[in-house]
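Read through the structure below, which is laid out as structure tokens, and then see the notes.
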Amino acid sequence: MTYQPPTALPRDVIDQEEVHRALVSHDFGAVFRLAREHAGISYSKIATECDIKPNRVGELAKGRGRITTFEKIVQIADALRVPGHVLGLAPRPWEAGFPGHSSEEIGPHVRRRTILHAATATGLAAALPALHHPEPPSRITPVYVEELRARAARLRRLDIYLGGGDTYRVYLAEVQRTKSLLRAAVFTDDARQRATALLAELAQQAGWSAFDGGRTREAVDLYEESRDLAREARDADLYGNALAFLAYKIGPDDRQAAVAVAEASCATITARTPSTVRALLHERHAWACAVDGQIGGTERALEAARDALDSTQKDEPQPDWAAWVDHVELDIMTGRCWTELRRPLRAVPALTRALDQYSDDHARDKSLYLSWLAQAYLTADEIEVAARHAGHAATLARGVASHRPAQRLVPLINHLRPHADLPAVRKLLEETAAY
């Protein structure tokens, strides 16, 4: 039987807004105090399981001091059974065995409500978990770089709920700060190489946010910079992902070039490449093939992505930047590819199956994926169903700081206009008059 520590927090306690906010911001003193108040977990038990002196636990609970070391944060996550994604960590080994603690569940309503309520009340910067930048140590060690990587993982979670228009400056600030660190700091061991790889990772996140927010030129610049940094850091996974990002961007302008770049990204795969990274690169290759009208290439790339996910080994470490790639994501890409290739009978089942796993809290992504489903139904000449899904997509897209939903919905709505005599289409046109 798997060990269950006496300090494990019940799921309903983790989901309380005050507790979740303290966890996300790494305010472990508040976490310890709330664990005692809401779960009856004594400070002595916390001290024993977390290997912290009892008086230190009490001091932290009073707001005196903070815990910042990566190793101790991991130890606390395991002792309190806090899912890795909440703290910006990779999934913990014990998570698969505990229902309700899945790393794939990013905690829908509580997390969205916490972030957006704070953003509305105080502005986005004040709502984010820890945007202050503490002074770095005099010598940068690999351990400190891993702390920065954990911070990047926490900030990456914002992309689940907020569009690039909200997050771009946040991610860009992380890029700029890490550049300054590489220029000015003294590094030990292989810390500089690790920090360079981290900068490549941050540049990719900032590039994605720029793309999502409609800053196309900035996105390309950041992807290209990330590619060069990944090569310098000798990180083949990040290098391949940078190429995949570039292929994704090139696609609409030069389809054959996009396929070539996507193929080059897949050529970086080795026996040591994590399964989620392999799946991600093959997915983007599939998309490039679909945009270029290559049915066979699309099919082979999707099958390669599925094989990669199916071959995932238990406890296989995955980089946080690819941890979101799973069979649901693969269904989404499968549906998108077959919609692009005008094969609705293949597209609709995959998209429907995947969308059943998405709550409306994932407003931007669900809006985008509903637009693909609507397009697939339109291709099948199921006009009323297409209109209903387009209407749902438009409702979700309102207020999301991403240009992509509107970019998808405007031509879709225009294709539905000739059917304005149908009630479902008429309702859609009335509700989307501002598009």
Side-chain angles (χ1 to χ4, degrees), residues 159 164 171 175 196-197 199-309 319 321-322 324-325 329-330 332-341 368 372 403-404 407-408:
D159 185 65
Y171 295 139
V175 169
T196 303
L199 180 55
E201 181 182 330
L202 292 169
Q204 289 180 12
Q205 184 64 43
W208 169 253
S209 185
F211 170 68
D212 188 54
R215 299 171 178 264
T216 305
R217 184 64 256 171
E218 290 94 329
V220 172
D221 289 345
L222 284 160
Y223 292 157
E224 290 176 344
E225 183 177 11
S226 172
R227 176 199 58 201
D228 296 342
L229 287 164
R231 184 192 295 118
E232 180 183 342
R234 299 192 294 278
D235 191 315
D237 296 338
L238 282 169
Y239 181 75
N241 197 43
L243 292 178
F245 268 128
L246 285 167
Y248 198 82
K249 172 60 191 70
I250 293 168
D253 303 317
D254 190 335
R255 298 175 181 183
Q256 292 183 348
V259 172
V261 174
E263 288 173 348
S265 77
C266 291
T268 66
I269 294 173
T270 69
R272 292 176 297 188
T273 306
S275 59
T276 55
V277 176
R278 283 186 282 135
L280 179 58
L281 301 187
H282 286 307
E283 275 193 15
R284 289 181 175 154
H285 182 206
W287 176 246
C289 288
V291 170
D292 195 37
Q294 299 183 24
I295 295 175
T298 301
E299 232 169 354
R300 288 189 294 273
L302 289 174
E303 187 60 31
R306 195 167 302 281
D307 287 345
L309 290 178
W321 53 264
W324 53 275
V325 181
E329 158 61 21
L330 181 54
I332 290 293
M333 182 57 79
T334 299
R336 289 178 58 193
C337 287
W338 291 122
T339 300
E340 185 72 14
L341 291 166
L368 283 166
W372 288 104
H403 85 298
R404 291 189 297 145
Q407 192 178 51
R408 290 274 315 144

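Keep in mind that the numbers below use all heavy atoms, side chains included, and drop hydrogens, waters and symmetry copies. Numbering of residues begins at 1 and proceeds along the displayed sequence.
Among all heavy-atom pairs drawn from A290 and L341, the shortest one is O-CD2, 3.6 Å. The minimum heavy-atom distance between A288 and V259, with the atom names listed, is O-CG2, 3.5 Å. For the residue pair A197 and A233, the shortest heavy atom distance occurs at N-CB, 3.6 Å. The two residues S265 and G240 make their nearest non-hydrogen contact at CB-O, 3.2 Å. Closest of all the heavy-atom pairs between V175 and A206 is CG2-CB, 4.0 Å. Taking all atoms of both residues into account, the shortest heavy-atom contact from G164 to D212 is N-OD2, 2.7 Å.
In this structure, the separation between CG on L280 and SG on C266 is 9.5 Å, given to the nearest 0.5 Å. Atom NE2 in H403 sits 5.5 Å away from atom OG1 in T216 (nearest 0.5 Å). Interatomic distance, SG of C337 versus CD1 of I295, reported as 11.5 Å (0.5 Å rounding). Taking CE of M333 as the start and NE2 of H285 as the end, the distance is 12.0 Å to the nearest 0.5 Å. Taking NE2 from H282 and CG from L302, the interatomic distance works out to 11.0 Å, rounded to the nearest 0.5 Å. Note that CZ of F245 is 10.5 Å distant from CG of L281, once rounded to the nearest 0.5 Å.
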Taking only distance into account, with no hydrogens and no angle test, what donor-acceptor pairs under 3.5 Å do side-chain atoms of residues 217-224 form with protein atoms, sequence neighbours excluded?
{"unit_1": "R217", "atom_1": "NE", "unit_2": "D221", "atom_2": "OD1", "d": "3.3"}
{"unit_1": "R217", "atom_1": "NH2", "unit_2": "D221", "atom_2": "OD1", "d": "2.9"}
{"unit_1": "Y223", "atom_1": "OH", "unit_2": "G207", "atom_2": "O", "d": "3.4"}
{"unit_1": "Y223", "atom_1": "OH", "unit_2": "W208", "atom_2": "N", "d": "3.4"}

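Under the salt bridge (Lys or Arg N to Asp or Glu O under 4.0 Å) criterion, the residue pairs touching residues 199-210 are R149-E201, R156-E201, with sequence neighbours excluded. The side chain to side chain donor-acceptor pair (under 3.5 Å) pairs that include a residue from residues 240-253 are Q204-N241, N241-R284, Y248-R336, K249-D253, where partners are two or more places apart or lie in different chains. Within the structure, salt bridge (Lys or Arg N to Asp or Glu O under 4.0 Å) contacts touching residues 230-246 (residues at least two apart or in different chains) are D228-R231. Note on residues 285-301: pairs passing salt bridge (Lys or Arg N to Asp or Glu O under 4.0 Å), not counting sequence neighbours, are E299-R346.
Within the 4.5 Å cutoff, side-chain heavy atoms of W287 are placed close to those of E340. In this structure, Q205 and W321 have side chains that are not in contact, with every pair of non-hydrogen atoms separated by 4.5 Å or more. Taking the side chain as every heavy atom from C-beta outward, E303 and D307 approach each other to under 4.5 Å. Annotation: side chain of S226 is not in contact with side chain of L238 (no heavy-atom distance under 4.5 Å). Looking at heavy atoms from C-beta onward, D159 lies out of side-chain contact with S209 at the 4.5 angstrom threshold.
T334 places a side-chain N or O within donor-acceptor distance of the main-chain N or O of L330, the cut-off being under 3.5 Å.
For W338, there are no ring-ring contact (aromatic ring centres under 6.0 Å, His included) partners, not counting sequence neighbours.
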